[in-house]
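What follows is a short report on a single structure.
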Amino acid sequence: MSWFDTHADGLLARWAEGTLSPRQSARLLRHVHACERCGQQYERLVRASRLLERGDPHAPTDTELAVLADSGLMAALAAAEPEPQDARARWPSLTLAGGMLAALSLAMLVVLVRPAGEVESWQARGGAVPPARAALRVFCAVRQQPLRELAPSQACPPGAQLAFAVGADAPLSHVAVEVRARGRQSTEGPFAVNGRPGSEQPLETTLALQGPTGEAEIIAAFADSPREALAALRGGTHRGAVVLRLPVRVEETP
Amino acid sequence: MLLPGSDRTVLQAFREGDRAVLTRVYRTYSPQVARYLAQRFSVRAGTSVHGVSLGAVDLDAAHQETFVRAFRPALRQAYDGVRPYLGFLLMLARSTAVDLLRASGRIAREAVPLDDAPELAQAPTEEHGPEEQALQAEVRTLVREFLEGLPEDARALARLRFMEGLSQEAAAASLHLTRGEVRVRERRLRTQFTEHLLARGWLDNPLGGMEDDP
């Protein structure tokens, strides 16, 4: 996996050639969902290709079918995982997972937005914050420097790439991530979530930390479908969605 | 039946969430679900009927969402193993398409009350709206110009592979080429087509030139 892949829009040319790998196919399709301009380009390219190769604007080409088959499999398999039988029964293992994550991994303090309707069943006595069912780790990637995990309010220089690792329990199967800084925002996803809290897996994407120095916020929205993950990222309310936020500083580091 | 030639043990493994079986099911039906979702649907809302289709981006979302729904434990258990699984999947695909069309506002929510779902039937011959017709005419012109501008050997390859739907092996035999030569020429043909679309302004130029954008 490269932390420094170019913009996914460049993959459209490879799509047109029919030479995308399965990983690139999945990345392209995730990206066109989040990037309106790239989505429009993709729609136009697909429309023209269908007419050239099929003579029918509603008949997918072999390239399209191959890309669709490659991109959706992991999400479908993730959805097949068994759902928790009883949320209360999972409390001890979740506590343990949360503790291990905090102790072993430069754990990040995240602000958990509890979905409406779940708060009562999860509310701990004394106002303690219940353990998260989803975990996000963010890494600052600067050329010629080792990858560095970011704790809350730590600094990452402008122009650096942010890399991510996520984990979540079923039914949270998808995540979308966004970086917001000084009125600018960049979104990637949704992605299928393959890891669990305590054994997070990297997302095959990076986001550039752009803009002037100052405060930035990294947001990850987890939900049980790609559409709901994007909706949760955009502020939509969905029962069961989990949104994690990490404040960071955009500034030069020693 | 879940898969052609499969028995009860395969169905049992499917219900238990065996990843190998789920992968086989996915690979087997993915193209048929995608073709179904790409077709034009006829939507009835009240007394009016109009045609609507998912865009390429929505097609990806609907295709993925169909299998996500189908593979969830409750729906795996719900499949009886007797009826053809493709029918079960296409029913889910249709429901997913309706949800997406509602969410995107292409089917008015108020026109489709929950207790009176719209009738969706595939109607590929239905009349298209003026905007859709104009777009199709523009693309057809682009394709025709591209094909007419090709040298004879490239046009012959396009005819065999695209219009007649021959495999690369069959096209190679017909053109007295190796399969490798056909593969290379086909890739060049696709590249030339993209360049044609760029030159005519159908696509932004260059395709990969927005690396600095968020």
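None of the values given here were measured: they were computed from a predicted structure. So that the names make sense, note that chain A is the first sequence line, chain B the second, and so on, each numbered from 1.
With a 4.5 Å cut-off on non-hydrogen atoms, A:Thr61 does not touch chain B at all. For a residue to count as touching a neighbouring chain, one of its non-hydrogen atoms must lie under 4.5 Å from one of that chain's; by this rule A:Val32 touches chain B with backbone and side chain alike. Using a 4.5 Å cut-off between heavy atoms, B:Arg76 contacts chain A through its side chain alone, with no backbone atom that close. For A:Ala75, the parts lying under 4.5 angstrom from a heavy atom of chain B are both the backbone and the side chain. With a 4.5 angstrom heavy-atom cutoff, A:Arg14 does not touch chain B via any of its atoms. Residue A:Thr187: no heavy atom, backbone or side chain, is found under 4.5 Å from chain B. Contacts between B:Arg69 and chain A at a heavy-atom distance below 4.5 Å involve the side chain alone, from C-beta outward. Of the atoms belonging to B:Leu189, not a single heavy atom falls under 4.5 Å from chain A.
Rounding to the nearest 0.5 Å places CG of B:Leu203 at 12.0 Å from CD of A:Gln40. Atoms OG1 and CG, on B:Thr23 and A:Leu77 in that order, are 4.5 Å from each other to the nearest 0.5 Å. Between the OG atom of A:Ser173 and the CZ atom of B:Phe71 there is a distance of 13.5 Å, given to the nearest 0.5 Å. Summarising the geometry, atom CZ belonging to A:Arg54 is positioned 7.5 Å from atom CZ belonging to B:Arg35; distances are rounded to the nearest 0.5 Å.
With hydrogens and angles disregarded, no donor-acceptor distance shorter than 3.5 Å links the side chain of B:Arg140 to the backbone of A:Leu51. Checking side-chain atoms of A:Gln41 against main-chain N and O of B:Asp204 turns up a donor-acceptor pair under 3.5 Å. Formation of a donor-acceptor pair under 3.5 Å by the B:Gln136 side chain with backbone atoms of A:Pro57 is not found in this model. Proximity of a side-chain donor or acceptor of B:Gln64 to a complementary backbone N or O of A:Gly72 within less than 3.5 Å is not detected. Formation of a donor-acceptor pair under 3.5 Å by the A:Arg44 side chain with backbone atoms of B:Trp202 is found in this model.
Interface check for chain A: of the options B:Leu22, B:Val139, B:Thr66, the most heavy-atom pairs under 4.5 Å are formed by B:Val139. Top candidate by heavy-atom pairs under 4.5 Å with chain A, chosen from B:Leu135, B:Leu75, B:Leu142, is B:Leu135. Among A:Val46, A:Asp56, A:Asp224, the residue with the largest count of heavy-atom pairs under 4.5 Å with chain B is A:Asp224.
Of all non-hydrogen atoms in A:Leu65 and B:Pro31, the two that sit nearest each other are CD2-O, 3.9 Å. Scanning all heavy atoms of the two residues, the minimum distance from B:Pro73 to A:Ala80 falls at CG-O, 4.0 Å. When all heavy atoms are compared, the tightest approach of A:Pro60 to B:Ala34 is CG-O, 4.1 Å. Annotation for B:Val57 and A:Gly39: closest pair CG2-O, 3.9 Å, computed over non-hydrogen atoms. Closest non-hydrogen pair, B:Ala56 versus A:Tyr42, comes out as CB-CE2, 3.6 Å. Nearest approach of A:His58 to B:Ser53, heavy atoms of both residues: CE1-OG, 3.4 Å.
Using modelled atom types, one finds no donor on one side chain facing an acceptor on the other under 3.5 Å when comparing B:His63 with A:Glu64.
Residues A:Glu53 and B:Arg190 are paired through a salt bridge, judged by an N-O separation under 4.0 Å between the basic side chain and the carboxylate. Between A:Arg30 and B:Asp60 there is no salt bridge, since no side-chain N of the basic residue sits under 4.0 Å from a carboxylate O of the acidic one.
Heavy atoms from other residues, nucleotides or ligands lying under 6.0 Å from CZ of B:Arg15 number more than 12. B:Glu152 CD: more than 12 foreign heavy atoms inside a 6.0 Å radius.
Side-chain contact check for A:Glu81 versus B:Arg72: every heavy-atom pair is 4.5 Å or farther apart. Using a 4.5 Å heavy-atom threshold, the side chains of A:Leu73 and B:Arg27 count as touching.
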